[in-house]
A.B. asks: 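Structure in structure tokens, see below.
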Amino acid sequence: MKKFLTLVVLVILFSSCSDYQKALKSEDPALKLAAATTQYEKGKYNKAIRLFEQIGTSYKGKSEAESLYYMFAQSYYKTKQYYLAGYQFENFSSSYPKSDKSEEASFLGAKSYSMLSPVYSLDQKDTDKAVEKLQVFIDRYPNSSYLTEANVVMKELKNKLEKKSFETAKQYNTIYDYKSAIVSLDNFISDFPGTPFKEEALYYKFDSSYYLAINSVASKIEERLNDAKTAHAVLMKFNPNTKYKEKADQMLATIEKDLQQFSK
């Protein structure tokens with residue numbers, strides 16, 4: 001009995017594979033579409049893609065095109081081919097704005113671009129694009145069932161962009177270019193007033209101001225020491241219990257001591 005069942009399964013599998021290969025070689029778009037749909041419904045997305053790629057242009061403007069292009073986009077998404085998925089979903093939602101799948105396609109298209117967003121240290125071109133696409137989706141579908149997820153993804157992407165901007169500004173402090181660090185950190189705080197990196201940015205601005213002051217020529221020391229003292233006050237006003245308090249207060253004591261020579 002077991003041998004018989006095994007034989008039946010093998011016959012079915014062989015027949016299925018044979019039908020797929022036959023569809024690949026066929027010149028009949030209808031046969032290919034039927035086979036592609038079968039593969040899609042079985043979760044055989046790579047096989048479905050091969051067939052969809054062969055017949056995409058054949059069905060443009062036809063009644064079957066809507067479901068074809070939706071399955072095509074989903075197949076790319078399911079196989080994590082996010083560039084192609086984003087393109088196909090975008091094309092679907094613009095081509096079929098009245099489709100009951102248009103909202104989902106618009107969201108998944110934007111989400112596809114978010115999946116391409118790299119770690120913050122790399123170029124953020126794809127992150128910027130994902131933010132743009134998600135904002136278009138949020139504006140177009142303010143009551144969407146996907147809105148909560150869209151906002152979560154948007155927040156993650158914006159945090160990444162903030163992290164990138166902060167690390168770029170902070171890097172000037174790391175390479176001892178204190179003037180550039182102060183300007184860049186000021187710009188960062190201005191551009192992202194509610195950023196979770198604000199405390200760090202304020203500290204590194206103070207740190208940069210401190211080292212710029214103590215390494216200045218004599219004619220600029222007093223002014224820069226007072227600038228550093230102001231930067232310390234701003235940091236403490238933002239968070240009196242900052243994790244940088246001990247180190248910052250030690251630096252302030254040095255500033256106060258150095259300023260005494262100018263009050264004589």
Side-chain angles (χ1 to χ4, degrees), residues 40-46 48-49 52-53 56 65-171 184-185 187-202 204 238-239:
Y40 175 83
E41 290 172 347
K42 289 180 177 180
K44 307 288 186 179
Y45 301 114
N46 282 313
I49 286 169
F52 287 136
E53 286 174 341
E66 183 179 330
S67 61
L68 185 160
Y69 284 113
Y70 174 77
M71 290 187 291
F72 198 4
Q74 280 283 13
S75 296
Y76 279 134
Y77 186 81
K78 298 289 189 182
T79 53
K80 300 182 180 180
Q81 299 182 67
Y82 295 119
Y83 274 116
L84 294 169
Y87 171 80
Q88 288 293 345
F89 276 126
E90 221 173 8
N91 185 55
F92 178 89
S93 58
S94 63
S95 299
Y96 306 100
K98 295 182 180 179
S99 169
D100 60 356
K101 301 289 188 182
S102 183
E103 180 181 326
E104 180 191 17
S106 183
F107 171 66
L108 290 177
K111 189 176 178 182
S112 293
Y113 289 113
S114 77
M115 301 299 284
L116 297 167
S117 175
V119 295
Y120 78 87
S121 57
L122 300 178
D123 183 270
Q124 294 301 303
K125 179 176 65 176
D126 286 323
T127 306
D128 288 329
K129 190 171 187 178
V131 168
E132 177 189 337
K133 300 297 183 184
L134 278 166
Q135 192 60 60
V136 169
F137 170 78
I138 290 168
D139 292 341
R140 186 177 297 166
Y141 300 102
N143 301 311
S144 173
S145 59
Y146 299 104
L147 191 62
T148 299
E149 186 178 355
N151 284 326
V152 169
V153 175
M154 177 74 90
K155 185 177 180 181
E156 291 172 352
L157 294 173
K158 286 189 172 181
N159 283 345
K160 188 181 293 186
L161 290 174
E162 288 182 20
K163 177 73 170 174
K164 173 73 172 181
S165 183
F166 169 66
E167 291 295 339
T168 298
K170 176 185 168 184
Q171 188 174 26
S184 295
L185 289 162
N187 289 338
F188 171 76
I189 293 166
S190 176
D191 291 341
F192 304 100
T195 178
F197 304 110
K198 187 170 183 177
E199 182 177 328
E200 283 184 84
L202 289 172
Y204 281 104
F238 179 75
N239 183 4

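Being a predicted model, the structure only gives us computed values, none of them experimental.
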A.B. asks: Checking side-chain polar atoms at under 3.5 Å, does Tyr82 have a donor or acceptor matched by the opposite partner on Asp126?
C.D. replies: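 Note: Tyr82 and Asp126 side chains miss the donor-acceptor criterion.
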A.B. asks: For Tyr96 and Lys101: C-alpha separation, side-chain torsions, deciding distance, then whether side-chain contact (heavy atoms from CB on, under 4.5 Å) applies.
C.D. replies: CA-CA 8 Å; Tyr96 306 100; Lys101 301 289 188 182; over 6 Å; no
A.B. asks: Pair Lys111, Glu149 - check salt bridge (charged side-chain N to carboxylate O under 4.0 Å, His left out), show working.
C.D. replies: CA-CA 10 Å; Lys111 189 176 178 182; Glu149 186 178 355; 2.6 Å; yes
A.B. asks: Tell me, yes or no, whether the heavy-atom count around Tyr87 atom OH, taken from other residues, nucleotides or ligands under 6.0 Å, exceeds 12.
C.D. replies: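 Not buried by this count: 12 neighbours or fewer within 6.0 Å.
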A.B. asks: Anything under 3.5 Å between a donor and an acceptor, one on a side chain of residues 128-138, the other on a protein residue two or more places apart or in another chain? List them.
C.D. replies:
| unit_1 | atom_1 | unit_2 | atom_2 | d |
| --- | --- | --- | --- | --- |
| Lys133 | NZ | Glu90 | OE2 | 2.3 |
| Gln135 | NE2 | Asp139 | OD1 | 3.0 |

A.B. asks: Output all residues satisfying side chain to side chain contact (heavy atoms under 4.5 Å, CB included) with Glu53, sequence neighbours left out; order by chain, then residue number.
C.D. replies: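 With neighbours one apart ignored, the set is Ile49, Phe72, Tyr76.
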A.B. asks: Testing the basics here: between Pro97 and Ser94, what is the closest heavy-atom pair and its distance to 0.1 Å?
C.D. replies: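 Closest approach of Pro97 to Ser94, heavy atoms only: CD-O, 3.6 Å.
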A.B. asks: Using every non-hydrogen atom in the two residues, find where Phe52 and Met71 come nearest and quote the distance to one decimal.
C.D. replies: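 The answer is CZ-CB, 3.6 Å.
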A.B. asks: Between atom CG of Leu185 and atom OH of Tyr204, what is the distance when rounded to the nearest 0.5 Å?
C.D. replies: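 Between atom CG of Leu185 and atom OH of Tyr204 there are 10.0 Å.
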A.B. asks: Would you say Lys164 has more than 12 foreign heavy atoms packed within less than 6.0 Å of its NZ?
C.D. replies: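 Yes, enclosed.
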A.B. asks: According to side chain to side chain contact (heavy atoms under 4.5 Å, CB included), who are the partners of Gln74, at least two apart in sequence or on a separate chain?
C.D. replies: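 So Gln74 forms a side chain to side chain contact (heavy atoms under 4.5 Å, CB included) with Tyr40, Tyr70, Tyr77, Lys78, Phe89, Glu104, Leu108.
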A.B. asks: Would you check if Phe107 and Ser144 make a side-chain contact, meaning some heavy-atom pair closer than 4.5 Å?
C.D. replies: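 Contact flag for Phe107/Ser144 side chains = no.
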A.B. asks: Restricting to non-hydrogen atoms, name the atom on Ala105 and the atom on Phe92 that form the minimum distance, rounded to 0.1 Å.
C.D. replies: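 Heavy atoms of Ala105 and Phe92 come nearest at CB-CD2, 3.5 Å.
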A.B. asks: Return yes if some donor-acceptor pair links the side-chain N/O of Tyr146 with the main-chain N/O of Glu103 below 3.5 Å, else return no.
C.D. replies: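 Absent.
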A.B. asks: For residues 115-125, run the donor-acceptor check on the side chains, cut-off 3.5 Å, and write out each pair with its distance to 0.1 Å, sequence neighbours left out.
C.D. replies:
| unit_1 | atom_1 | unit_2 | atom_2 | d |
| --- | --- | --- | --- | --- |
| Ser117 | OG | Thr127 | OG1 | 2.5 |
| Ser117 | OG | Lys160 | NZ | 2.9 |
| Asp123 | OD1 | Lys125 | N | 3.0 |
| Gln124 | OE1 | Thr127 | OG1 | 2.5 |
| Gln124 | NE2 | Val119 | O | 2.9 |
| Gln124 | NE2 | Tyr120 | O | 3.4 |
| Gln124 | NE2 | Leu122 | O | 2.9 |

A.B. asks: Identify, with sequence neighbours excluded, every residue that meets side chain to side chain donor-acceptor pair (under 3.5 Å) alongside Asn239.
C.D. replies: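 Asn239 satisfies side chain to side chain donor-acceptor pair (under 3.5 Å) with Glu199 once adjacent residues are dropped.
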A.B. asks: Ignoring hydrogens and angles, tell me if any N or O in the side chain of Ser102 forms a donor-acceptor pair with the backbone of Lys98 under 3.5 Å.
C.D. replies: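 A pair under 3.5 Å: no.
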A.B. asks: Show every donor-acceptor pair shorter than 3.5 Å between a side-chain atom in residues 187-196 and any protein atom, with sequence neighbours excluded, or say none if there are none.
C.D. replies:
| unit_1 | atom_1 | unit_2 | atom_2 | d |
| --- | --- | --- | --- | --- |
| Asn187 | ND2 | Val183 | O | 3.3 |
| Thr195 | OG1 | Glu162 | OE1 | 2.8 |
| Thr195 | OG1 | Phe197 | N | 3.1 |

